[in-house]
K.L.:
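Let me give you the structure first, and then I'll get to my questions.
Being a predicted model, the structure only gives us computed values, none of them experimental.
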Amino acid sequence: LIPMVTKGKKEKERMERGGWQMRRGLLLVSHNTDPWIRQLPFLRRSSSVSSRREIHSGERRSMSERRMSHPKYRLVYFDAEGRAECIRLIFHHFKIYFEDTRLTAAEWEKKKPSAPFESLPILEMDNGKKVIADSVAIARYLSKTLGEGFLGKTKLDAARGDMFVYATTDLYGPGMGVKFAKDEGTKKDAMTKFDDAAKKYVRNVEKHLKASKSGFVVGEYMTWADIFVMYGIHCIEQIDAGLLKKHKSILHYYEKIRSQDGIKEYVEDKWPTELL
């Protein structure tokens, strides 16, 4: 309903012949009304005031209402941190409810043929009608969907964010080598490879942090890259915490990101640490 006045009977008749309906000085419009309706000369000034009030009212929606506006999310992975943990952290940071489904090996074998690339994690939306595979693809989609500028507010910042994300995922292979080593000899070789990769990672992250004025790895604000880097540090801590103890800027950064809204409540329960 839009309050209106017409310049005369002929104008009113013209509007009614064009398909518009009027009732007691109000113009009845639908959600599909053409944008040019806002420019009509017979609209009262109060209609714009009404629109502003509606916008301000919408901005004051509660967190629960905003959550309901998102599709239902179901994250499927194993009962482990692994490649799904950064996705969980993004959900918690934005305080978005999701089903954290953790499969056994037997359950996964049954589901595997229906997965997009026969790998986990996968993200199901709208009761399985939409499915995304690959941990980075899922994390990027959620970062773009849930937080404006969370991928980076400029193309350059977004590219820099990718740089940190992929540098972190490069740690996963060496880390898995240590975790799933079959014997002491194999584990010793795996530890050597992991230490080399971890030292390189820490050295270069520290270099960027020292050049940062904001304390974040990209720009002057937090991005998805910070979640990945925090997780990279966490992975190193789980395997060889001694590599981190002398790097004060890394530890300060680790504490900073762990303390971010939504993340703090999750990691305090799931990620006990002796470094901080």
K.L.:
Would the distance check show the side chain of E109 and the main-chain N or O of A105 forming a donor-acceptor pair, the cut-off being under 3.5 Å?
P.N.:
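Checking the backbone N and O of A105 against the side chain of E109, no donor-acceptor pair under 3.5 Å is found.
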
K.L.:
Run the side-chain donor-acceptor check on residues 220-230: report pairs under 3.5 Å with partners two or more places apart or on a different chain.
P.N.:
unit_1: Y221; atom_1: OH; unit_2: K153; atom_2: N; d: 2.7
unit_1: Y221; atom_1: OH; unit_2: D157; atom_2: OD2; d: 2.6
unit_1: T223; atom_1: OG1; unit_2: A225; atom_2: N; d: 3.3
unit_1: D226; atom_1: OD1; unit_2: V217; atom_2: N; d: 3.1
unit_1: D226; atom_1: OD1; unit_2: Y253; atom_2: OH; d: 2.7
unit_1: D226; atom_1: OD2; unit_2: T223; atom_2: N; d: 3.0

K.L.:
Do the side chains of L120 and R83 get nearer than 4.5 Å, heavy atoms only?
P.N.:
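No, side chains not in contact.
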
K.L.:
Write out all pairs satisfying side chain to side chain donor-acceptor pair (under 3.5 Å) with one or both partners inside residues 175-185, taking only residues at least two apart or from two chains.
P.N.:
D183-T186

K.L.:
Could you grab the distance from atom NE2 of H252 to atom NZ of K248, nearest 0.5 Å is fine?
P.N.:
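Between H252 NE2 and K248 NZ, I get 12.5 Å after rounding to 0.5 Å.
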
K.L.:
Salt bridge (charged side-chain N to carboxylate O under 4.0 Å, His left out): which pairs involve residues 259-276, sequence neighbours left out?
P.N.:
K95-D261

K.L.:
With rounding to the nearest 0.5 Å, note down the distance linking OG in S249 to NZ in K210.
P.N.:
5.5 Å

K.L.:
Which pairs count as ring-ring contact (aromatic ring centres under 6.0 Å, His included) when at least one residue sits in residues 191-220, sequence neighbours excluded?
P.N.:
F164-H208

K.L.:
Is there a continuous path of hydrophobic side-chain contacts, each under 4.5 Å between heavy atoms, that joins F78 to I138?
P.N.:
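As far as the 4.5 Å side-chain criterion goes, I138 and F78 are not connected within one cluster.
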
K.L.:
Restricting to side chain to side chain contact (heavy atoms under 4.5 Å, CB included), what partner residues turn up for F91, sequence neighbours left out?
P.N.:
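F91: side chain to side chain contact (heavy atoms under 4.5 Å, CB included) contacts with Y73, I87, I96, F98, L123, L142, L146.
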
K.L.:
Please report the shortest heavy-atom distance between L75 and P121, naming the atom on each side.
P.N.:
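Taking L75 first and P121 second, the nearest heavy atoms are CD1-CB, 4.1 Å.
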
K.L.:
Is the closest side-chain heavy-atom distance between V267 and L89 below 4.5 Å?
P.N.:
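Result yes, sub-4.5 Å side-chain heavy-atom pair found.
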
K.L.:
Go through it in stages, so that I can follow the logic: the residues are E237 and W271, the test is side-chain contact (heavy atoms from CB on, under 4.5 Å), and I'd like the CA-CA distance, side-chain angles, deciding distance and then a yes or no.
P.N.:
CA-CA 10 Å; E237 179 186 9; W271 292 11; over 6 Å; no

K.L.:
Between atom NZ of K245 and atom CG of L275, what is the distance when rounded to the nearest 0.5 Å?
P.N.:
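It is 7.0 Å, given to the nearest 0.5 Å.
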
K.L.:
About how many Å separate OG of S214 and CG of L209, when rounded to the nearest 0.5 Å?
P.N.:
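One finds 9.0 Å between CG of L209 and OG of S214.
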
K.L.:
So, taking the atom named CG in D79 and the one named OG1 in T104, what distance separates them when rounded to the nearest 0.5 Å?
P.N.:
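Nearest 0.5 Å value for the CG-OG1 distance: 10.0 Å.
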
K.L.:
A side-chain contact here means heavy atoms from C-beta on lying under 4.5 Å apart; do V202 and L243 qualify?
P.N.:
no

K.L.:
Quick one: list whatever passes side chain to side chain donor-acceptor pair (under 3.5 Å) with K111, sequence neighbours left out.
P.N.:
E124

K.L.:
Is R258 close to L276 at the side-chain level, that is, under 4.5 Å between some pair of heavy atoms?
P.N.:
yes

K.L.:
If every non-hydrogen atom of G175 is compared with every non-hydrogen atom of I239, which pair is closest and at what distance?
P.N.:
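The answer is CA-CD1, 3.8 Å.
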
K.L.:
Enumerate, atom names and distances included, each donor-acceptor pair closer than 3.5 Å involving a side-chain atom of residues 128-135, sequence neighbours excluded.
P.N.:
unit_1: K130; atom_1: NZ; unit_2: D126; atom_2: OD2; d: 3.4
unit_1: D134; atom_1: OD2; unit_2: V136; atom_2: N; d: 3.1
unit_1: D134; atom_1: OD2; unit_2: A137; atom_2: N; d: 2.9

K.L.:
Only counting residues at least two apart or in another chain, list the ones meeting side chain to side chain donor-acceptor pair (under 3.5 Å) with Y172.
P.N.:
none

K.L.:
Is the shortest heavy-atom distance from the side chain of I263 to the side chain of Y266 under 4.5 Å?
P.N.:
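I263 vs Y266: side chains apart.
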
K.L.:
Check for me, please, whether M125 and V76 land in the same ILVMFWY cluster - side-chain distances under 4.5 Å, paths through other members count.
P.N.:
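Per the 4.5 Å side-chain linkage, M125 and V76 are not co-clustered.
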
K.L.:
Of all residues at least two apart in sequence or in a different chain, which pass the side chain to side chain donor-acceptor pair (under 3.5 Å) check with R88?
P.N.:
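Residues passing side chain to side chain donor-acceptor pair (under 3.5 Å) with R88: E85, D100.
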
K.L.:
Atom CD1 in I233, atom CG in L244: separation rounded to 0.5 Å?
P.N.:
7.0 Å

K.L.:
Transitive ILVMFWY cluster of M176 at side-chain heavy atoms under 4.5 Å: who else is in it?
P.N.:
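Result for M176 is F180.
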
K.L.:
Honestly curious: do Y77 and Y97 fall in one hydrophobic cluster under the side-chain, below-4.5 Å linking rule?
P.N.:
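Different clusters.
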
K.L.:
Could I get the full list of ring-ring contact (aromatic ring centres under 6.0 Å, His included) partners for Y254, not counting sequence neighbours?
P.N.:
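Residues passing ring-ring contact (aromatic ring centres under 6.0 Å, His included) with Y254: none at all.
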
K.L.:
With side chain to side chain donor-acceptor pair (under 3.5 Å) as the rule and sequence neighbours excluded, what pairs involving residues 187-196 come up?
P.N.:
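The answer is none; no pair qualifies.
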
K.L.:
Go through the steps to decide whether E99 and K72 satisfy the test side-chain contact (heavy atoms from CB on, under 4.5 Å), and finish with yes or no.
P.N.:
CA-CA 8 Å; E99 291 183 26; K72 185 177 182 180; 2.8 Å; yes

K.L.:
Does any part of the side chain of E255, heavy atoms only, come nearer than 4.5 Å to the side chain of L251, both counted from C-beta?
P.N.:
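No. Closest side-chain heavy atoms not under 4.5 Å.
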
